[in-house]
Number of protein chains: 2
Amino acid sequence: MSPRTQPGRTRERIYQYVRKQLQMGQPPTVREVQHAFGFRAVQTAREHLERLVKEGLLAKRPGKARGYCLPAGKQDGPPPVLIPLLGHVQAGNLNAAIEHPESYLPANARSADKLFALRVRGESMLGAGILPNDIVIVHSQPTAENGEIVVALVDDEATVKRLRLRRNRIELHPENPDFEPILPPPDRCSILGKVTEVRRFIDSPAN
Amino acid sequence: MSPRTQPGRTRERIYQYVRKQLQMGQPPTVREVQHAFGFRAVQTAREHLERLVKEGLLAKRPGKARGYCLPAGKQDGPPPVLIPLLGHVQAGNLNAAIEHPESYLPANARSADKLFALRVRGESMLGAGILPNDIVIVHSQPTAENGEIVVALVDDEATVKRLRLRRNRIELHPENPDFEPILPPPDRCSILGKVTEVRRFIDSPAN
DNA sequence: TTATCTACCAGACAAATGTCTGGTATGTAA
DNA sequence: TTACATACCAGACATTTGTCTGGTAGATAA
């Protein structure tokens, strides 16, 4: 007989394991739970799972392979999607850049279809807490609300700015007093999308 | 014999169906695909799935129930890991907080074992571009280098600050002139880890 | 002491599931 | 015409997977 843990301890860890697997889109079999926790009997794993169902933490489709799931309404959301981090964006080659990204960023989102990521260059958005080399995740859309931070294409150059909607044109405002707003003619500017997330990887310190 | 569709048409719809099921954490069996598309033979569904695998749009674990899945991220790296976002951290309950996370954040990392995430409260790190409600991803370690941004536990309270190492003590410096450095006695302060990433979710604009 | 509960093991069996083999039917190219 | 490719059907079989039955062992309460 294997060593035992205190009541409920292993079951809690099994709950987290199942939850994590479910979020990755890979619901486990009872035997996979068995092996993940080193039990020698399938029934051990099953009993923990059944207790979790009884406690309302898990639900299940009886008799179905990989049938344990989260109760309806307790979804952590869909598994991560991979958002393409684009190297360089110019007018006309957004789709090509999406298909040849520099790398991918995982994110919790329903779909990556309308999402892409860019590196921020320059310090025009310092006041909004967006630093050079930060990565912005962008939801592709041709318009945005007044005040939203957008990625716009101006004269072939992508830029991150705060959108200001005026009566007959748009303005792209920096968040840094050292920079001037951009007031592009409409035929020379298009909105690529709205910034929905900012990410920064922190390396070694400057001291 | 049932009516036929033009080549590739049904397969495209099957691809979208499988993808959607996978994103919901419910990978389908071959027979579920069969029934979803009204085929009378399992093999019809299977052949479409196998063609999708051959085209690289799907991957699969052979012989496993519900084994069709999306290809591993179209990149060479490992699949994303899920980093626990902790709700509240106090001395002594870090492990408990990790086991009851508020949610998970996907990230490209070898392992999530030594990673956790916290929400930033307050404005003491504004100057470093870290705003209130930002999320910091932390690599668990008891020490860090001079100048690194760390999460430390001071008198039961977790705080994000820049570490300054002095001869016989550590200092926790804000990046905002409105705040004073923290000079804790060593027995009342411990380093939980080093900040490796900052994330910010941007909601509706303030106008 | 017995009774009960929890955490584990072992084995067997039924059903779900993946897989294979053999086939029809249609369209296109040689 | 034949050959080939694609989209479908039908049936059988092997394996995976869920489930059940019977058990040990430890802790606690009556």
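Side chains included, hydrogens not; waters and symmetry mates left out as well; all remaining heavy atoms used.
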Item to complete: Would you tell me if any nitrogen or oxygen in the side chain of T29(B) comes within less than 4.0 Å of OP1 or OP2 on dT17(D)?
Response: no
Worksheet, complete the sentence: Checking dA7(C), dT19(D), dT19(C) against the side chain of Y68(B) (C-beta onward), the nearest is dT19(C)
Fill in: Out of dT17(C), dT6(D), dC8(D), whichever nucleotide has its closest atom nearest the side chain of A65(A)
dT17(C)
Worksheet item: Hey, are Y68(B) and Q21(B) close enough side-chain-wise for a donor-acceptor pair under 3.5 Å?
Response: no
Worksheet item: Going by an N to O cut-off under 4.0 Å, is there a salt bridge joining R200(B) and D134(A)?
Response: no
Response to the item:
Taking dC9(D), dT17(C), dA7(D) as options, the one with an atom nearest any side-chain atom of K64(A) is dT17(C)
Item to complete: May I ask you to say what T44(B) touches in the nucleic acid, namely base, sugar-phosphate or nothing, with a heavy-atom cut-off under 4.0 Å?
Response: base
Discussion item. Any side-chain N or O of H48(A) below 4.0 angstrom from OP1/OP2 of dC8(C)?
Written reply: yes
Item to complete: Look at the side chain of K60(A) and decide which nucleotide, out of dT19(D), dA10(C), dT17(D), has an atom nearest to it.
Response: dT19(D)
Practice prompt. Kindly point out which of dC9(C), dC9(D), dA7(C) is positioned nearest to the side chain of Q43(A)?
Written response: dC9(C)
Discussion item. Nearest 0.5 angstrom please: K54(B) NZ to E47(B) CD, how far?
Written reply: 11.5 Å
Worksheet item: Under 4.0 Å: is that the gap between some side-chain N or O of R46(A) and OP1 or OP2 of dT19(D)?
Response: yes
Discussion item. Please pick, from dC9(D), dG18(D), dT6(C), the nucleotide with the shortest atom-to-atom distance to any side-chain atom of F39(B).
Written reply: dC9(D)
Discussion item. Distance criterion of 3.5 Å, no angle test: do you see the side chain of R31(A) paired donor-to-acceptor with the base of dG18(D)?
Written reply: yes
Discussion item. Please compare V42(B) and R66(B) by the position of their nearest nucleotide in DNA chain D and report the one closer to 5'.
Written reply: V42(B)
Discussion item. Please verify the inter-ring angle class for F39(A) with H48(A); under 30° counts as parallel, over 60° as perpendicular, anything in between as tilted.
Written reply: parallel
Discussion item. Taking 4.0 Å as the cut-off, does a side-chain nitrogen or oxygen of R51(B) come that near to OP1 or OP2 on dT6(D)?
Written reply: yes
